[in-house]
Structures are given as C-alpha cells and as structure tokens.
Amino acid sequence: MMKHLRSLSAALFLLLPALAAAETTWVINASVPVVGAGGGYVFYQFQLNTGVWPVAPGHTVGVVYTWDHWQTTQWGTLSWQANQSNAYGSQDEVWRGAFNIPPNLTFTTVEYAIYVDASGHRTWNNNNGQNFTVTKAN
C-alpha cells in the first residue's frame with residue numbers, strides 16, 4: 001500500500017509543473033490603419049499580432065477591445081499564423097487578427113486586452129491592469 005502511495009505522489013509531483021504552467025501572451029504589434037475610403041466614409045481596421053508560449057495544441061487566442069472607453073466592447077478571435085524560434089531555444093506561436101471598425105466613428109484610440117484559452121482556463125494579459133492602447137492612423 002505504501003509503495004503505491006509513493007508512486008502516486010511521485011506521479012502527481014511530476015504533473016504539478018504541467019498543471020501549474022499557464023499560457024503566456026504578449027503583443028508583437030498593433031495598429032489601426034485606414035483600410036479604405038469612399039463615398040465620404042473612412043474605414044479603419046484594428047490589427048493585432050500576438051505571441052503565445054508555450055506552443056501547444058488545442059488553445060485559442062482572442063482579444064476584447066473598445067474605441068469608446070469601454071462604453072461598448074467588441075470581442076475577436078485571432079488566427080494562428082506560424083511557430084517561430086525564440087531567444088530561449090524554444091518556439092513561440094504567432095497569432096493575428098484584423099477587425100473592422102464602423103466608418104466615421106469619432107475616436108483616436110483603441111484599448112484592448114488579450115487572452116488565451118487552454119484546457120478550460122483563460123489567461124489574460126491586460127498590460128498590468130492598464131489595458132493596451134493603440135492610436136489610429138490619420
């Protein structure tokens with residue numbers, strides 16, 4: 001009996017780092033360029049590239065964002081683009097999203113936070129509670 005308990009505790013100990021590890025995400029770059037104009041309208045798009053570590057199957061990456069200081073919120077899902085080498089001899093994932101903003105809104109900044117859903121857990125990066133911001137192109 002004692003031998004089985006030691007084996008079980010050893011197995012749980014080995015699993016602990018895997019269970020405790022959370023996904024990490026960061027902003028690679030973000031922009032709000034003009035993507036079209038015509039008929040008196042100017043069209044902007046919120047574009048976001050993020051990195052995610054560790055490389056793992058089965059997770060999703062998304063963003064919640066606003067252009068009106070959180071009076072309204074928008075949610076978007078990013079798409080996996082590629083894995084790339086990092087400075088630590090490992091791999092990071094690159095995810096990208098592009099989200100249209102309704103034409104002729106009066107705004108200067110998009111605020112946002114990014115998240116990773118993995119194994120039933122959501123990990124947020126909201127820039128240490130400050131939210132990320134990006135200013136629209138003129």
| request: Going by the side chain to side chain contact (heavy atoms under 4.5 Å, CB included) test, name the single residue among Val94, Asn125, Leu78, Ile28 that passes it with Thr50. | output: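 So, applying the side chain to side chain contact (heavy atoms under 4.5 Å, CB included) to Thr50 and each of Val94, Asn125, Leu78, Ile28, only Leu78 qualifies.
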| said: Applying side-chain hydrogen bond (donor to acceptor under 3.5 Å, both in side chains), can you list everything that pairs with Asp92, at least two apart in sequence or on another chain? | reply: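 Here the qualifying residues are Asn86.
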| task | List for me each residue that meets side-chain hydrogen bond (donor to acceptor under 3.5 Å, both in side chains) alongside Ser85, sequence neighbours excluded, and say none if there are none. | result |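 Ser85 satisfies side-chain hydrogen bond (donor to acceptor under 3.5 Å, both in side chains) with Gln91 once adjacent residues are dropped.
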| message | As an exercise, state the distance from CD of Gln45 to CZ of Phe99, rounded to the nearest 0.5 Å. | response |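 Answer rounded to 0.5 Å: 9.0 Å.
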| message | Return the CD to OG1 distance between Glu23 and Thr60, rounded to the nearest 0.5 Å. | response |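 Separation between the atoms: 9.5 Å.
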Please name the pair of heavy atoms, one in [X] and one in [Y], separated by the smallest distance, quoted to 0.1 Å.
| X | Y | value |
| --- | --- | --- |
| Leu48 | Ala30 | CD1-CB, 4.0 Å |
| Trp53 | Ser90 | NE1-OG, 3.5 Å |
| Pro103 | Tyr41 | CB-CD2, 3.7 Å |
| Asn127 | Phe132 | N-CE1, 3.6 Å |
| Ala137 | Pro33 | CB-CA, 4.0 Å |

| message | Suppose the criterion is salt bridge (charged side-chain N to carboxylate O under 4.0 Å, His left out): which pairs have a residue in residues 68-85, not counting sequence neighbours? | response |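 Of all non-adjacent pairs touching residues 68-85, none passes salt bridge (charged side-chain N to carboxylate O under 4.0 Å, His left out).
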| task | Check ring-ring contact (aromatic ring centres under 6.0 Å, His included) between Phe46 and all other residues, then give those that pass, not counting sequence neighbours. | result |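 So Phe46 forms a ring-ring contact (aromatic ring centres under 6.0 Å, His included) with Tyr65, Tyr112.
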Answer yes if [X] and [Y] sit in the same cluster of Ile, Leu, Val, Met, Phe, Trp and Tyr residues linked by side chain heavy atoms under 4.5 Å apart, and no otherwise.
| X | Y | result |
| --- | --- | --- |
| Val27 | Val110 | yes |
| Trp70 | Trp124 | yes |
| Ile114 | Trp80 | yes |
| Phe43 | Val32 | no |

| said: Go through it in stages, so that I can follow the logic: the residues are Thr123 and Thr24, the test is side-chain contact (heavy atoms from CB on, under 4.5 Å), and I'd like the CA-CA distance, side-chain angles, deciding distance and then a yes or no. | reply: CA-CA 7 Å; Thr123 303; Thr24 301; over 6 Å; no
Are the side chain of [X] and the backbone N or O of [Y] linked by a donor-acceptor pair below 3.5 Å?
| X | Y | answer |
| --- | --- | --- |
| Glu93 | Ala56 | yes |
| Thr25 | Val52 | no |
| Asn104 | Gly40 | yes |
| Gln74 | Thr72 | no |

| message | Restricting to salt bridge (Lys or Arg N to Asp or Glu O under 4.0 Å), what partner residues turn up for Asp117, sequence neighbours left out? | response |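 Partners of Asp117 under the salt bridge (Lys or Arg N to Asp or Glu O under 4.0 Å) test: Arg122.
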| message | Test of understanding: with side chain to side chain contact (heavy atoms under 4.5 Å, CB included), list the residues that count as partners of Leu105, not counting sequence neighbours. | response |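 Once residues adjacent in sequence are excluded, the partners of Leu105 under the side chain to side chain contact (heavy atoms under 4.5 Å, CB included) criterion are Trp67, Ile101, Pro102, Phe107.
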| field | Parallel, tilted or perpendicular, as decided by the 30° and 60° cut-offs, for the rings of Trp95 and His59 | value |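 Taking Trp95 first and then His59, their aromatic rings sit tilted (interplane angle of 30° to 60°).
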